[in-house]
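Take a look at the structure set out below.
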Amino acid sequence: MKKFVVYLMVGAMLMATGCTNGPESTPGNPESTPRDSRTTPAELESESSNQDWTPGDDNVQYIRTHSDYGRDPIVSVISSKEELEEYYELHKDVNRNPAFENVPGTYSDDFFADSFLAIIRLEEGSGSIRHKVEKISGNGDIAVSRLIPAIGTCDMATWHIIIELKHTDFSSDMPFKVQLSDIRYSWDDI
C-alpha cells in the first residue's frame, strides 16, 4: 500500500509541474523576447523596405513532423514541381505525416509558372511550440514568431513551414533568412 501511495504522489507531482518553457507572461501582455541575438518583428519593421509582405492564412502551411535534423532554421526555395518532389523524397522517410505526404500533389506546374515556395524547416524541443509567419521584408528576412506556452510537452518536432510567394513580389534567387522571436503566454491568455 505504501508503494501505491508513493507512486500516486510522484505521478501527481509530475502532472502538476509539467515541462515549462521559461517565465510566464502576464495576461494580455505576452512577453516578446528575441531568441539569441536575432531580430524581433518590431525591429524588422523599422529596418525593412516598403516591399514588406504579410502573408494570409491561405499562403502558409504549418506541418509538424518527427524530428530529423538540427535546431537552426533552414530555408529551401522551391521553384518547380520537380524541386518540390526532390525535397519531399529527401525528407519523407522521417516525416511521416499525411499533411506532409500530400504536399507534392498540392502544387502543379501551373502554380510554379508565376509562384514559388519558401519552406522553412526548424526543430523545436517541445511539440507544444507553434509558429506564425508575421511578414517577409523586401530584403528576404522572414519574421517568424515562436508561440511558447508556459507549460509544454517534452517531445521534439520538426516543422515545415511552407510559404507561397509570387515572382512579382519576390525573386526566388534572393537570400531568405529567418528572424525568430519568442512570444510566451499562459493558458490564461488564451
Side-chain angles (χ1 to χ4, degrees), residues 14-78 91 95 97 99-100 103 117-166 169-170 174-190:
L14 286 173
M15 288 176 49
T17 58
C19 298
T20 61
N21 287 318
E24 193 171 312
S25 64
T26 57
N29 186 20
E31 174 187 359
S32 179
T33 56
R35 181 173 168 194
D36 301 327
S37 62
R38 297 181 177 119
T39 311
T40 65
E43 291 170 327
L44 273 177
E45 190 170 326
S46 65
E47 295 174 4
S48 61
S49 70
N50 59 0
Q51 297 179 0
D52 291 350
W53 180 74
T54 303
D57 291 337
D58 56 338
N59 300 100
V60 182
Q61 294 182 59
Y62 304 88
I63 301 175
R64 178 186 171 175
T65 60
H66 299 323
S67 180
D68 73 339
Y69 89 111
R71 184 169 174 83
D72 287 335
I74 296 172
V75 180
S76 298
V77 175
I78 308 294
H91 301 288
N95 300 301
N97 175 326
F100 185 74
V103 168
L117 301 173
I119 303 178
I120 302 169
R121 201 171 80 241
L122 65 113
E123 186 174 281
E124 293 291 0
S126 170
S128 299
I129 298 172
R130 299 294 186 254
H131 304 89
K132 176 155 180 33
V133 175
E134 302 292 348
K135 73 175 185 171
I136 302 176
S137 68
N139 64 0
D141 287 342
I142 305 172
V144 177
S145 294
R146 296 174 69 236
L147 309 173
I148 305 172
I151 298 175
T153 57
C154 291
D155 58 336
M156 295 180 75
T158 294
W159 287 89
H160 299 263
I161 303 172
I162 303 171
I163 308 167
E164 300 174 2
L165 299 168
K166 296 274 188 198
D169 297 327
F170 296 96
M174 75 184 334
F176 290 97
K177 51 187 193 246
V178 178
Q179 305 291 331
L180 295 172
S181 64
D182 293 350
I183 298 176
R184 299 180 186 280
Y185 64 91
S186 71
W187 294 112
D188 297 335
D189 296 337
I190 302 176

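Please read all numbers here as calculations on a predicted model, not as lab measurements. Values below: every heavy atom of this structure, side chains too, minus hydrogens, waters and symmetry copies.
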So, for [X] and [Y], which heavy atoms are closest and what is the spacing to 0.1 Å?
X      : Y      : result
Ser186 : Ala150 : CA-CB, 4.1 Å
Ser145 : Glu134 : OG-OE2, 2.8 Å
Gly127 : Ala157 : CA-CB, 4.3 Å
Ala118 : Leu165 : CB-CD1, 3.9 Å

Which residues share a side-chain contact (heavy atoms from CB on, under 4.5 Å) with Lys166, sequence neighbours left out: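 Residues passing side-chain contact (heavy atoms from CB on, under 4.5 Å) with Lys166: Asp114, Ser115, Thr168, Asp169.
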Could you grab the distance from atom [atom1] of [X] to atom [atom2] of [Y], nearest 0.5 Å is fine?
X      : Y      : atom1 : atom2 : value
Arg130 : Leu147 : CZ    : CG    : 9.5 Å
Asp182 : Ile148 : CG    : CD1   : 3.5 Å
Ile63  : Arg121 : CD1   : CZ    : 13.0 Å
Lys135 : Ser137 : NZ    : OG    : 6.5 Å
Gln179 : Ile136 : CD    : CD1   : 12.0 Å
Leu117 : Ile120 : CG    : CD1   : 11.5 Å

Intermediate values then yes/no, side chain to side chain contact (heavy atoms under 4.5 Å, CB included), Asn59 and Trp53: CA-CA 11 Å; Asn59 300 100; Trp53 180 74; 3.9 Å; yes
pair Phe176-Ile163: side-chain heavy atoms closer than 4.5 Å: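 A side-chain contact is absent here, since even the closest heavy-atom pair is not under 4.5 Å.
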Heavy-atom side-chain contact between Leu122 and Ile161 under 4.5 Å: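 Counting from C-beta outward, Leu122 and Ile161 do come under 4.5 Å.
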Any residue meeting ring pair (Phe, Tyr, Trp, His ring centres under 6.0 Å) with Trp159, in chain and number order, not counting sequence neighbours: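 Trp159: ring pair (Phe, Tyr, Trp, His ring centres under 6.0 Å) contacts with His131.
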Residues that Asp155 engages under side chain to side chain donor-acceptor pair (under 3.5 Å), provided they are two or more places apart: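 Checked Asp155 against side chain to side chain donor-acceptor pair (under 3.5 Å); matches are Arg64, Thr153.
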Salt bridge (charged side-chain N to carboxylate O under 4.0 Å, His left out) partners of residues 156-165, not counting sequence neighbours, each pair once: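 Residue pairs passing salt bridge (charged side-chain N to carboxylate O under 4.0 Å, His left out), neighbours aside: none found.
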Main-chain N/O of Thr65 paired to Thr158 side chain as donor or acceptor, under 3.5 Å: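 No; zero donor-acceptor contacts below 3.5 Å.
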Whether His91 and Phe100 hold their rings parallel, tilted or perpendicular, with breakpoints at 30° and 60°: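 It falls in the perpendicular class, over 60°.
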